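In this text the structure is predicted, and so the values were computed from the model without any measurement. Whatever order the structure lists them in is the order used to number ligands and atoms, beginning at 1. We number each residue from 1, following the sequence as shown.
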Amino acid sequence: MNPLEERARAIQAHGNLPRHVAVIMDGNGRWAERRGQPRIFGHRAGMKSVRAVIEAAGDLGIEALTLYAFSKENWKRPPAEVDALMGLLRRYMKSEREELIERGARIEAIGDLDQLGGAARAELDRLIEATAHCDRLRVTLALSYGGRAEIVEAARRIARAAVAGNLDPQSLDEPAFARFLYSPDLPDPDLLVRTSGEMRISNFLLWQIAYAELYVTETLWPDFGREAFFEAIEDYQSRERRFGRVMA
Ligand code: IPE
Ligand code: IPE
Ligand code: MG
């Protein structure tokens with residue numbers, strides 16, 4: 001067994017695996033700039049990290065992985081970067097399809113998906129359909145995603161249901177509210193990973209991360225691979241989650 005396989009075994013033997021890991025994949029631009037290259041060079045390099053993390057999560061037996069790939073605010077970047085990112089996303093979704101099916105990865109998406117261009121949207125729909133039967137790992141891509149927008153959209157759906165007489169406002173509690181979010185059947189993330197050292201949430205899963213463990217690494221996203229992912233999981237396994245209580 002090589003050292004990484006041994007590490008994977010030890011993580012599994014520990015038992016306390018996060019069910020759901022969410023990742024803010026940050027630092028592609030800086031990775032490229034440090035090499036005197038255009039930002040898109042970093043985005044391209046980041047694709048192999050996506051593959052590595054999906055593989056590592058599947059191998060460990062983690063149930064769900066949510067990847068922040070493009071925020072609602074990212075539309076405000078220069079059009080050339082946005083176009084290049086959309087092109088990369090499209091190509092990724094097409095070229096990785098067979099591999100994802102083989103790995104048993106079921107792809108889903110959250111965000112304002114209507115904002116995606118027609119070609120990217122079509123490729124996404126194709127990928128979602130092609131992997132719908134896969135049941136090893138649930139991979140949710142956050143695309144054109146904003147946490148506040150998700151909450152506002154939930155409020156809108158709730159208001160509509162109430163006006164239509166299908167929902168009694170008095171019955172609305174936290175679980176009932178959460179059922180109106182984009183992915184009501186995903187458990188909340190246990191672990192939120194952010195690469196490239198930034199200590200912020202950047203409008204990601206605001207509702208769902210109420211009690212997530214936060215892990216920030218200086219490693220830039222294109223340098224983040226299987227080993228770095230294992231490190232994040234090991235760190236999580238050393239934490240004591242209290243959920244506001246006092247431990248005995
Ligand atoms: C993350 O890398 C990828 C996206 C946000 C799409 P960045 O592009 O934000 O890279 P930095 O943070 O500028 O280095
Ligand atoms: C968050 O990264 C969004 C994604 C990783 C897709 P950003 O680079 O857009 O966030 P800020 O601007 O540093 O907060
Ligand atoms: Mg960034």
Side-chain angles (χ1 to χ4, degrees), residues 20-54 57 64-96 107-117 119-121 123-124 127 139-153 182-183 186 189 191-209 212 214-225 228-229 232:
H20 180 182
V21 180
V23 186
I24 302 177
M25 309 186 289
D26 196 20
N28 293 346
R30 275 162 283 176
W31 188 90
E33 277 154 25
R34 282 179 202 173
R35 286 161 178 75
Q37 298 284 343
R39 295 175 56 83
I40 186 66
F41 184 75
H43 295 313
R44 209 174 299 131
M47 292 298 170
K48 73 168 187 344
S49 302
V50 173
R51 190 179 310 136
V53 165
I54 290 176
L65 185 66
T66 295
L67 302 173
Y68 202 4
F70 194 85
S71 76
K72 228 173 145 60
E73 290 74 28
N74 288 152
W75 291 113
K76 294 177 198 147
R77 293 189 178 193
E81 182 172 348
V82 171
D83 287 351
L85 270 167
M86 287 298 139
L88 265 183
L89 178 71
R90 232 173 32 237
R91 255 171 286 142
Y92 170 85
M93 293 192 293
K94 193 169 179 175
S95 64
E96 297 289 304
I107 307 295
E108 293 163 300
I110 53 173
D112 185 359
L113 305 179
D114 290 340
Q115 274 217 61
L116 296 177
R121 181 62 195 269
E123 209 53 71
L124 174 65
L127 184 61
V139 179
T140 303
L141 302 176
L143 294 169
S144 189
Y145 176 86
R148 285 188 171 181
E150 178 178 23
I151 292 169
V152 168
E153 177 59 25
Y182 290 141
S183 260
L186 263 185
L191 172 64
L192 173 64
V193 174
R194 182 165 190 151
T195 58
S196 89
E198 238 66 75
M199 294 289 181
R200 54 178 175 259
I201 299 298
S202 301
N203 203 13
F204 192 38
L205 302 177
L206 296 179
W207 173 280
Q208 296 87 338
I209 59 167
L214 309 182
Y215 176 86
V216 177
T217 170
E218 290 293 328
T219 303
L220 303 175
W221 179 250
D223 293 326
F224 193 90
F229 186 75

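Each of M93, E108, R90 was evaluated against L124; a single residue qualifies, M93, per the side chain to side chain contact (heavy atoms under 4.5 Å, CB included) test. The only option from T140, I110, L113 that meets the side chain to side chain contact (heavy atoms under 4.5 Å, CB included) definition with Y182 turns out to be I110.
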From CA spacing to verdict: side-chain hydrogen bond (donor to acceptor under 3.5 Å, both in side chains), R194, S202: CA-CA 10 Å; R194 182 165 190 151; S202 301; 2.8 Å; yes

Residues S144, D112; criterion side-chain hydrogen bond (donor to acceptor under 3.5 Å, both in side chains); working and verdict: CA-CA 5 Å; S144 189; D112 185 359; 4.8 Å; no

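Below 4.0 Å from some heavy atom of M25 lie the following atoms of ligand 2, by number and element: 5 (C). Near R77, meaning under 4.0 Å from one of its heavy atoms, ligand 1 places the atoms 5 (C), 7 (P), 8 (O), 9 (O). Listed by number with element, the atoms of ligand 2 under 4.0 angstrom from any heavy atom of R200 are 11 (P), 13 (O), 14 (O). Annotation for ligand 2: atoms under 4.0 Å from non-hydrogen atoms of F70 are 6 (C).
Applying the 6.0 Å contact sphere to NZ of K94 captures no more than 12 heavy atoms from other residues, nucleotides or ligands. Residue-environment remark: CZ (R35) exceeds the threshold of 12 foreign heavy atoms within 6.0 Å.
Ionic pairing of E198 and R30 is present here: one or more N-O contacts between side-chain nitrogen and carboxylate oxygen are shorter than 4.0 angstrom.
The option from L89, D26, T195, N28 that lies nearest to atom 3 (C) of ligand 1, judged by heavy atoms, is N28. With atom 14 (O) of ligand 1 as the reference point, the heavy atom nearest to it among R30, E73, E33, E81 is part of R30.
Residue A69 touches ligand 1 through its backbone alone, judged by heavy-atom distances below 4.0 Å. Counting heavy atoms under 4.0 Å from ligand 1, residue E198 does not touch it at all.
Distance check, rounded to the nearest 0.5 Å: OG1 of T195 to OH of Y68 gives 13.0 Å.
Nearest N/O/S atom of D26 relative to the Mg ion (ligand 3): this is OD1.
When only non-hydrogen protein atoms are considered, atom 2 (O) of ligand 2 lies nearest to R194 NH2, 3.7 Å. Ranking the protein heavy atoms by distance from atom 10 (O) of ligand 1 puts G29 N, 2.9 Å first. At the shortest separation from atom 9 (O) of ligand 2 among protein heavy atoms lies N74 ND2, 2.9 Å. Atom 6 (C) of ligand 2 has Y68 O, 3.3 Å as its closest protein atom, hydrogens excluded (heavy atom only).
At least one test fails for R34 against the ring of W31: distance under 6.0 Å to the centre or angle within 45° of the axis.
Ligand 1 is approached by G27 to a heavy-atom distance shorter than 4.0 Å.
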